[in-house]
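To start, the structure under review is shown below, and the notes come after it.
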Amino acid sequence: MDVAPSDEQRRLVESFTALFGDASPPSRVRAAEPLGFDPALWETVRSAGIVAMAVGEADGGWGAEPLDLALVAEVQGRFLAPVPIVEAQVAARLLARLRTPRAASALAAALAGERTVTMAVHPSREGVARLVPAGAVADDVLVMDGGRLLLVPSGGDHGQVENLGAMPLADLRLGPDAEVLADGPGAEAAYETALDEFLLLTAAAQVGIAARAVEIGVGYVKQRRAFGVPIGSFQSIGHALADSATAVDGARLLTYEAAWAHGTEPGRFAELAAMAFAFATETAREATYRSLHFHGGYGFTDEYDIQLYYRRARAWAAVCLEPRAAYRRAADHRYSAVRTAAPMEEQWTSA
Amino acid sequence: MDVAPSDEQRRLVESFTALFGDASPPSRVRAAEPLGFDPALWETVRSAGIVAMAVGEADGGWGAEPLDLALVAEVQGRFLAPVPIVEAQVAARLLARLRTPRAASALAAALAGERTVTMAVHPSREGVARLVPAGAVADDVLVMDGGRLLLVPSGGDHGQVENLGAMPLADLRLGPDAEVLADGPGAEAAYETALDEFLLLTAAAQVGIAARAVEIGVGYVKQRRAFGVPIGSFQSIGHALADSATAVDGARLLTYEAAWAHGTEPGRFAELAAMAFAFATETAREATYRSLHFHGGYGFTDEYDIQLYYRRARAWAAVCLEPRAAYRRAADHRYSAVRTAAPMEEQWTSA
Amino acid sequence: MDFGIGERGQALRAEVRAFLKEHLTDELAERCHRTGVAHDDAFVRAMHEAGLLALGWPEEWGGRPCDPLGLSVVEEELSKAEAPTYGVSTTHMVARAILRCGNDRQRAEIIPRAVRGEILIVLGFTEPECGSDLAAARTRAVRDGDEWVINGSKMFTTNAHIGDYVFLLARTGTTSKHEGLTVFLVPADQPGIEAQAVRTISGERTNITYYRDARVHDDWRIGDVGGGWRVLGEALQEEHSVGFGASMLRLLEAAEGWARTARGNSGRPRITDPDVRERLGRCAAEAEVSLLLQRRAAAMAGQGVVPVAEGPMAKLFSSEALTRAAEDLFDLLGPDALRGHLSPGAPEGGRVEHALRFSLGTTIYGGTSEIQRGIIARRGLGLPR
Amino acid sequence: MDFGIGERGQALRAEVRAFLKEHLTDELAERCHRTGVAHDDAFVRAMHEAGLLALGWPEEWGGRPCDPLGLSVVEEELSKAEAPTYGVSTTHMVARAILRCGNDRQRAEIIPRAVRGEILIVLGFTEPECGSDLAAARTRAVRDGDEWVINGSKMFTTNAHIGDYVFLLARTGTTSKHEGLTVFLVPADQPGIEAQAVRTISGERTNITYYRDARVHDDWRIGDVGGGWRVLGEALQEEHSVGFGASMLRLLEAAEGWARTARGNSGRPRITDPDVRERLGRCAAEAEVSLLLQRRAAAMAGQGVVPVAEGPMAKLFSSEALTRAAEDLFDLLGPDALRGHLSPGAPEGGRVEHALRFSLGTTIYGGTSEIQRGIIARRGLGLPR
């Protein structure tokens, strides 16, 4: 048990903290709304190797571990950086996993910065991939469609969806130019692993959101006074922030444990990733709510940053799964020998 | 809208408050453990007409309204009176509803005080009615068995079950002396209504438990001092008790609204009874937990009364349904036109 | 006991529903949503013409008899429909305070116009630096002959940009925190007052207002110099049936509408899922409890009893329940819940998403949940401060 | 980062499991459950013989090297199995305090016997009137020649009826609340001390102890006169890995066992229900988080860092999570959950019912959740008092 990042990991975190600190202050995050995408920042992080780091050296990447990706995602969450890092990384890893010529060429284009590739996190229905993360700004989308994994060029028509979290979501109609990359159980398995990775990295981003929300709340209640004292001295505030700070630490440990398991205890990875996603999502939700609430009336004004965190905590998670469904998914992996009786609707069941 | 009891209802509450105040102080409640039955008190309340009040005058009773029964159940909850009032009342009303000669004679025996009749709140399985409330002290038990409603004499062998709430529960094997009272849809409907009434009166008892738990907690934290002040001055304590006091008032209003609907808006009765049960159960659970917790170490010692309330809040509800299942039951009535897709196990589904 | 709203309540409800059906058009609702302004002159005029504004006012002031319970039935309908009546409610709140604490001339000038919906009065209580601690107000009024000169700023003065008067709490003395306060009815249309828009997460527009040598005649001082805290107490006291039970019903109906029409992979409507039912059942129960607590407080007020703890209970429970329900039903809807009002595929026009945003303010304004719990603890349960 | 417990941890875990398999017999577990006493002389002797008691003690004291993380792995196994080691833990806590604050003679007399499990030391901190406010202790020690005479009472002195010594916090001065306190190691076997059983909702037996002219030689004063608060702080500081993650695992395994075997009306095992899975999944996640927080605090201690806020986080989270999980899984089991340990049909021997009872104390003893939140808020987040 060693919860400290390595020196290399520490440098990674420092460099992205510096990068986002400069390039993704709250003013830029606001300016990128409602689309939720900052092209200049995307160019910057892509040049810094954000996609390349996610795939192995054999595939033309840098071969960073999931743990490294999670560290970066946490920093992204802290700064709410409006760029599709998680989407592009997971999509690139999925392409690499397919080991087909077309997938390799799509991956090469992504690594070269020629095309931004994302993935739909729900199978298509009736020829439409709905609410695709980064779908409104991507060039290509990986879509699971009736057991086949497709590569779908998004074309000019992005079908952007106005949404709570100012995410660049799109409803994507699968046109005739969609190409089949893979099908059968192998495609399903590769896609499932990509979903697990998406959950893991979203969990890490939620940890960053939650941690920053607690910091913002603590800063505010130390300085704000009422009834002659700083409001942070009231138990109703201090105790709630203590609970959130505790949950943030727990969510972080669980998320990094899941990332660590990816390589070290692969049999536990999917279960832990779903748990981390559920727990981190609940943690971020509560931390952002509390922090916003303790701002009093200011909390729900657009001027204060906490509302940015409140909205993204919910949206970045909701695009995948609600926490109850994520706990069910964790159980599906934990009890994989026992099939569910009645799979819940709209749930990613693995059983 | 008038939430005040009538003069007659007020007198009813006063008389049972006086009765239980004398005859069911915490010392008697403790002395009645582990069986959870005080024969002398049962004789007293039965002589006072506790069973007779529950059935109509045409059936030899006094014709009290469900609202009156709920008021008495709340008082019983406040004093944790170890007598099967709700069980005997609901069973008597079920017998009256059947309108058959054998049911009438069983009811007459109950009203005459010759036999204590209770009912199983879950259908039998494999020839056993399990965890029958008051089953360990009753003479006869009404059991739903494969669509037939049976009258089962409990015989000498009560099969008492040691349990969290010191309730006189029993597992009852259906012997050859079980008599069929009714069958078919009529029997099912009568039994379902009895279950609704059981939920209603249990909700009222939970309101009494919760209200008393808040009082005990408030009394304790006003008097107990730490760090130089009464602990009731800490927000962590005062705010939690304020939430519980609020929930108690809400649970009481909802319960009496359900009782009122029994006669006035019968189409809403079953839905409201299930809601009241769920909400009052959650309220009593939280109120007893908080009150116990704010006693510090004393809370979980046998010497303090709050643990008596903590255990019964959970047990009196658990014998029927957990709150989640009760909310589903409420929804089943609310959306009765739409059948459920997959009825949950161990749930009283009406759909 | 009687949990019905009675024939009179039923009739009132029907009357309000019919009114809303006619006057709260889709176009008006859309405009309110888009501008974030919950006031519309034409709508208020129509309410006046329909006799709805006069409800509960004494007949000598042109009122139409209605007990607090009846008023709460009306409030529920307006609130459930999201009718643009926020301006009416602040105007009437101030008019009621003037009825109790004003002088004859003030009453004669303000009340009839308030009852007819001809004026819009906005609230200038809280300040950028004081939040829930209203008595810490620092906006200063200094006597200058027959007038007072006002300098300072007020936060969350909703409708300040369209209001006729500000009901302003100002510091006129330094003797003590609570006794140095005075209340004025300040004409809004003067150069010394500037309203700056403040946008909120729910899309509602509120304002910060700046007072730079703004002026008000001493005739428009409400109550005594130094008596402002008492006047404010009277004004807030009159708000008996504050609560969000009707907002919960609105949310619930949206979620039910979604559950009846959205279909899962199996093709069955989602309302057939036990999980969906459980969550709708809980929301329905908590909406019912919210309404019961609100109506109880109103019924007490109707009997002349001040619901000291019962009013805060209704506000506390209903706002917290709304917040919980909005989170839970937002989850329940799955990814589609994310779609905002303007997104074509938004379930039920994005009402659940909007409820989530809207719920945030409810546990804050009109006294935070923490303030309400403190009142219940001290005045309801007798706990020491 | 590394989230494994390492080969050394695996080996330790295997060693403890093998030990428990042999020595924690059903008969012993049943006796502990029935008597409510979590101490057994023979079991402790066996632990000593197996080398488990010496873990983590310095080798000069007969110890066997083990870092705090290893100790927490051992603690997890003992706790998950509900091994009767409460007496060992109080004895060793006091022995560690004596190692830091005692004199040579005290160390020489106490530590070897503690490491070998030959003595049982119990805690006399809290009092009937002071609860969490330990410094308000009123039990008085008055100097009488070479001895001190003790009068007063102590609450929650578990194992007092079988202990050899009480580690007693007493008031020896009146100068100030905190500086008037002194700690003594008082021989329990004397007429001036009476232990009265106090039964608890979980079946555990604790005691109230009365001191009527009880005596202790000044040689058994630990630390300075008036230095008791510091000694107490050192003793409590040493408790790094307090937490209930392993208790959650025990509860979870019971619920899983039930879910795999119990069948619904359909005949399918309950674990196939999505609702059952969701709730087990949540409990498993929170158990994992509890263990991670505990191990992190232990790992920090292993690196010589005092986990000032991290220790309280582990205690707070794991006890609250256990309490939530016990309520939720109790519900999940349905009516059968009610059956107590002695009832024939009790699911998994009534473990879920027992967890519900057991959970209640965990948010109280060793510092209530409120105390932990206060520490985290002030020392972790820097919030003002």
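These values consider heavy atoms only, across backbone and side chains, with no hydrogens, waters or symmetry-generated copies.
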Report task. Name the option with the most non-hydrogen atom pairs under 4.5 Å to chain C; the candidates are A:Leu292, A:Leu131, A:Thr301, A:Ile231. Result -> A:Leu131

Requested in this report: Heavy-atom distances under 4.5 Å only: say whether A:Arg225 touches chain C with side chain, backbone, both or neither.
Outcome: backbone

Report summary line: Counting heavy-atom pairs under 4.5 Å with chain C, the top scorer among A:Ser236, A:Gly297, A:Ala226, A:Pro323 is A:Gly297

Requested in this report: Kindly confirm or rule out a cation-pi arrangement of A:Arg285 over A:Tyr289, judged by NZ or CZ under 6.0 Å from the six-membered ring centre and within 45° of its axis?
Outcome: no

**Report entry** C:Arg205 portion near chain A, given a 4.5 angstrom heavy-atom threshold
**Finding:** neither

Report task. Could you check A:Tyr309, A:Tyr304, A:Phe300 and say which one makes a ring-ring contact (aromatic ring centres under 6.0 Å, His included) with A:His295? Result -> A:Tyr304

**Report entry** Check ion pair A:Glu303-A:Arg30 (N to O, under 4.0 angstrom)
**Finding:** no

Query - chain A contact via C:Glu204 - which portion, at a heavy-atom distance below 4.5 Å - result: neither

Report task. Please flag which part of C:Ile371 lies under 4.5 Å from any non-hydrogen atom of chain A: side chain, backbone, both or neither. Result -> side chain

Query raised in the report: Is atom CZ of C:Arg379 surrounded by more than 12 heavy atoms (other residues, nucleotides or ligands) closer than 6.0 Å?
Result: no

Requested in this report: Tell me, for C:Arg373 versus chain A, whether the close heavy atoms (under 4.5 Å) come from the side chain, the backbone, both or neither.
Outcome: neither

**Report entry** C:Pro128, part contacting chain A, at a heavy-atom distance under 4.5 Å
**Finding:** both

**Report entry** chain C contact via A:Phe234 - which portion, at a heavy-atom distance below 4.5 Å
**Finding:** neither

Query raised in the report: What option among A:Met167, A:Gln307, A:Arg224 has the most heavy-atom pairs under 4.5 Å with chain C?
Result: A:Arg224

Query raised in the report: Checking heavy atoms, do the side chain of C:Thr323, its backbone, both or neither come under 4.5 Å from chain A?
Result: side chain

Requested in this report: Can you establish whether the number of heavy atoms outside A:Glu126 located under 6.0 Å from its atom CD is more than 12?
Outcome: no

Requested in this report: Please check if the side chain of C:Arg270 supplies one atom and the backbone of C:Arg263 the other of a donor-acceptor pair under 3.5 Å.
Outcome: no

Query - Any donor-acceptor pair under 3.5 Å from C:Lys315 side chain to C:Thr362 backbone - result: yes

Query - Under 4.5 Å from any heavy atom of chain A - which part of C:Leu333 - result: neither

Requested in this report: Verify the ring-centre separation between C:His354 and C:His341: is it less than 6.0 angstrom?
Outcome: no

